[in-house]
> 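The structure follows.
It should be emphasised that the depicted structure is a prediction, and the values quoted were computed from it without experimental measurement. Heavy-atom basis, side chains included; hydrogens, waters and symmetry copies ignored.
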Amino acid sequence: MPTLIKSFIFFDLETTGLPKDNPKVTEICLVAVHRASLENPTRDAATGNLQLPRILDKLCLFIDPGKSLTPKATEITGLSNGNLAQCEKQTFDSRTVALIKEFLQRQAQPVCLVAHNGNGYDFPLLKTELQLQGQDLSGPVYCLDTMQALKSLDQRHSTTPAESRGSYTLSALYKRFFLEDPKDSHFAEGDVLAMLLVFLYKADDLLEWADTKSSNWAEVLPMYGPRLQQTV
DNA sequence: TGCCAGGCCCTCTTTAGGGCCTT
């Protein structure tokens, strides 16, 4: 059972495709927020709308995937092998891993990775990319899937029948809470900031969820590829 | 040519099937 989570790392991946395509990462964005900023959100004085909390650190990386994007991935992310090659970025290599590990180590511990449908997509794929480099995250790292958590919270608290609650896509949740479409969908940073606001809207419940129900990174299985011995 | 992941959740369920959600 986790102790009190101190730092939340909201993150999103843009990739070459879906799990059936054995995807590779094309873009990763991590945004670190301290627990205190989530417990005491600020609101716009004029409108009363929730404001983004103070962002402690942000890491956004374009990455050469080393394989072709599916047409659908190009369509929704706006990325292509052509424009990625033009940027002359490195592949997901040991230097990329070092940047991510250093980013996590800079935050107040323990940290919790937060991703939308993270259990089904982002966590396993990040695990695969790390293990393809023969590496893994070190220290206690917890994981929270906002989609799973929000669905469960609705089941617990809502009297609305499941079929009436609507979609749990990130954009649908954002629109449900803020009555407008999220900005910059399918840009890694745009999706991370949308997820951060969605989290903030349900911060009390999700902070409690993180402390009591978040999973351990060491238990995340890779989406595909070699399975290294788990180290805790 | 057509198909393709998979854990979770829901229901017309549990001896199952199908939709969701991620790029």
> Counting the atoms with a prime plus P, OP1 and OP2 as sugar-phosphate, which does A:Leu13 contact under 4.0 Å by heavy atoms, base, sugar-phosphate, or nothing?
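Counting heavy atoms under 4.0 Å across all strands, the contact made by A:Leu13 is with sugar-phosphate only.
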
> With rounding to whole Å, what would you report as the distance between B:dT14 and B:dG18 at their P atoms?
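My reading of the P atoms in B:dT14 and B:dG18 gives 13 Å.
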
> Do A:Glu14 and A:Phe187 pass the side-chain contact (heavy atoms from CB on, under 4.5 Å) test, and can you show the C-alpha distance, the side-chain angles, and the key distance before you say yes or no?
CA-CA 7 Å; A:Glu14 303 302 323; A:Phe187 286 61; 6.0 Å; no

> Side chains of residues 113-125 of chain A: which donor-acceptor pairs under 3.5 Å do they make with residues two or more places apart or in other chains?
{"unit_1": "A:His116", "atom_1": "ND1", "unit_2": "A:Thr146", "atom_2": "OG1", "d": "2.8"}
{"unit_1": "A:His116", "atom_1": "NE2", "unit_2": "A:Tyr168", "atom_2": "O", "d": "2.7"}
{"unit_1": "A:His116", "atom_1": "NE2", "unit_2": "A:Leu170", "atom_2": "N", "d": "3.4"}
{"unit_1": "A:Asn119", "atom_1": "ND2", "unit_2": "A:Gln148", "atom_2": "OE1", "d": "3.4"}
{"unit_1": "A:Tyr121", "atom_1": "OH", "unit_2": "A:Thr15", "atom_2": "OG1", "d": "2.6"}
{"unit_1": "A:Tyr121", "atom_1": "OH", "unit_2": "A:Gly17", "atom_2": "O", "d": "2.6"}
{"unit_1": "A:Asp122", "atom_1": "OD2", "unit_2": "A:Leu13", "atom_2": "N", "d": "3.2"}

> If you look only at pairs with a residue in residues 103-112 of chain A, which of them pass as a salt bridge (charged side-chain N to carboxylate O under 4.0 Å, His left out), with sequence neighbours excluded?
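Only A:Asp57-A:Arg106 qualify under salt bridge (charged side-chain N to carboxylate O under 4.0 Å, His left out).
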
> The criterion is salt bridge (Lys or Arg N to Asp or Glu O under 4.0 Å); which residues satisfy it with A:Lys67, sequence neighbours excluded?
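Counting only residues at least two positions away or on another chain, A:Lys67 forms no salt bridge (Lys or Arg N to Asp or Glu O under 4.0 Å).
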
> Taking only the C1' atom of each, what is the distance from B:dG2 to B:dC9 in whole angstrom?
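Looking at atom C1' only, B:dG2 and B:dC9 are 29 Å apart.
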
> Quick one: salt bridge (Lys or Arg N to Asp or Glu O under 4.0 Å) partners of A:Lys24, sequence neighbours excluded?
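For A:Lys24, the residues satisfying salt bridge (Lys or Arg N to Asp or Glu O under 4.0 Å) (neighbours in sequence not counted) are A:Glu129.
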
> Hey, could you give me each pair passing salt bridge (charged side-chain N to carboxylate O under 4.0 Å, His left out) that has a residue in residues 76-94 of chain A? Not counting sequence neighbours.
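Listed once each, the pairs are A:Asp93-A:Arg95.
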
> Side chains of A:Asp211 and A:Leu4: does their closest heavy-atom pair fall under 4.5 Å?
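Yes, their side chains come closer than 4.5 Å.
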
> What does the B/S/- profile of nucleotides 16-21 of chain B look like, 5' to 3', with a 4.0 Å heavy-atom cutoff to protein?
-----B

> Hey, does A:Asp145 reach any base, or is it just sugar-phosphate, or nothing, if we go heavy atoms under 4.0 Å?
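No contact.
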
> Could you check which of B:dC9, B:dC4, B:dT23 has an atom nearest any side-chain atom of A:Lys20?
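Side chain of A:Lys20 sits closest to B:dC4.
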
> Between B:dT15 and B:dT22, how far apart are the C1' atoms? Round to whole Å, please.
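The answer is 32 Å between these two C1' atoms.
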
> What is the separation between atom CG on A:Asp21 and atom C1' on B:dC3, rounded to the nearest whole Å?
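Rounding to the nearest Å, CG of A:Asp21 and C1' of B:dC3 are 12 Å apart.
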
> Within the 4.0 Å heavy-atom criterion, would you say A:Asn22 contacts the bases, only the backbone, or no part of the nucleic acid?
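Nothing: the residue A:Asn22, judged by heavy atoms under 4.0 Å, touches no strand.
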
> Counting any heavy atom closer than 4.0 Å, what does A:Thr15 reach on the DNA or RNA strands: base, sugar-phosphate only, or nothing?
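Counting heavy atoms under 4.0 Å across all strands, the contact made by A:Thr15 is with sugar-phosphate only.
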
> If you look only at pairs with a residue in residues 186-197 of chain A, which of them pass as a salt bridge (charged side-chain N to carboxylate O under 4.0 Å, His left out), with sequence neighbours excluded?
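Sorted pair list: A:Lys58-A:Glu189.
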
> With the threshold set at under 4.0 Å for non-hydrogen atoms, list the residues of residues 74-85 of chain A touching DNA chain B in residue-number order.
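Those residues whose heavy atoms fall under 4.0 Å from DNA chain B, taken from residues 74-85 of chain A in numerical order, are A:Ile76, A:Thr77.
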
> Could you list the residues that satisfy salt bridge (Lys or Arg N to Asp or Glu O under 4.0 Å) with A:Glu208, not counting sequence neighbours?
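Partners of A:Glu208 by the salt bridge (Lys or Arg N to Asp or Glu O under 4.0 Å) criterion come out as none, since no residue qualifies.
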
> Relative to the 5' end of DNA chain B, which residue comes earlier, A:Asn119 or A:Thr70, by the nucleotide with the nearest heavy atom?
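Of the two residues, A:Asn119 wins.
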
> Which whole number of Å gives the distance between the P atom of B:dC4 and that of B:dG17?
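Approximately 16 Å lies between the P atom of B:dC4 and that of B:dG17.
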
> The side chain of A:Gln148 lies closest to which of these nucleotides: B:dC8, B:dT22, B:dT23?
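Taking heavy atoms from C-beta onward, the closest nucleotide is B:dC8.
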
> A:Phe177: which residues meet the ring-ring contact (aromatic ring centres under 6.0 Å, His included) condition with it, sequence neighbours left out?
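In terms of ring-ring contact (aromatic ring centres under 6.0 Å, His included), with neighbours along the sequence ignored, A:Phe177 is linked to A:Tyr201.
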
> Using heavy atoms and a sub-4.0 Å distance, could you list which residues of residues 172-182 of chain A are near DNA chain B? By number, please.
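Correct list: empty, so none.
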
> Please say which of A:Leu30, A:Thr26, A:Thr96 ends up in a side chain to side chain contact (heavy atoms under 4.5 Å, CB included) with A:Leu61.
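Per the side chain to side chain contact (heavy atoms under 4.5 Å, CB included) rule, the option paired with A:Leu61 is A:Thr96, out of A:Leu30, A:Thr26, A:Thr96.
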
> Tell me every residue that passes salt bridge (Lys or Arg N to Asp or Glu O under 4.0 Å) with A:Lys20, counting only those two or more places apart in sequence or in another chain.
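If we apply the salt bridge (Lys or Arg N to Asp or Glu O under 4.0 Å) test to A:Lys20, skipping adjacent residues, there are no hits.
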
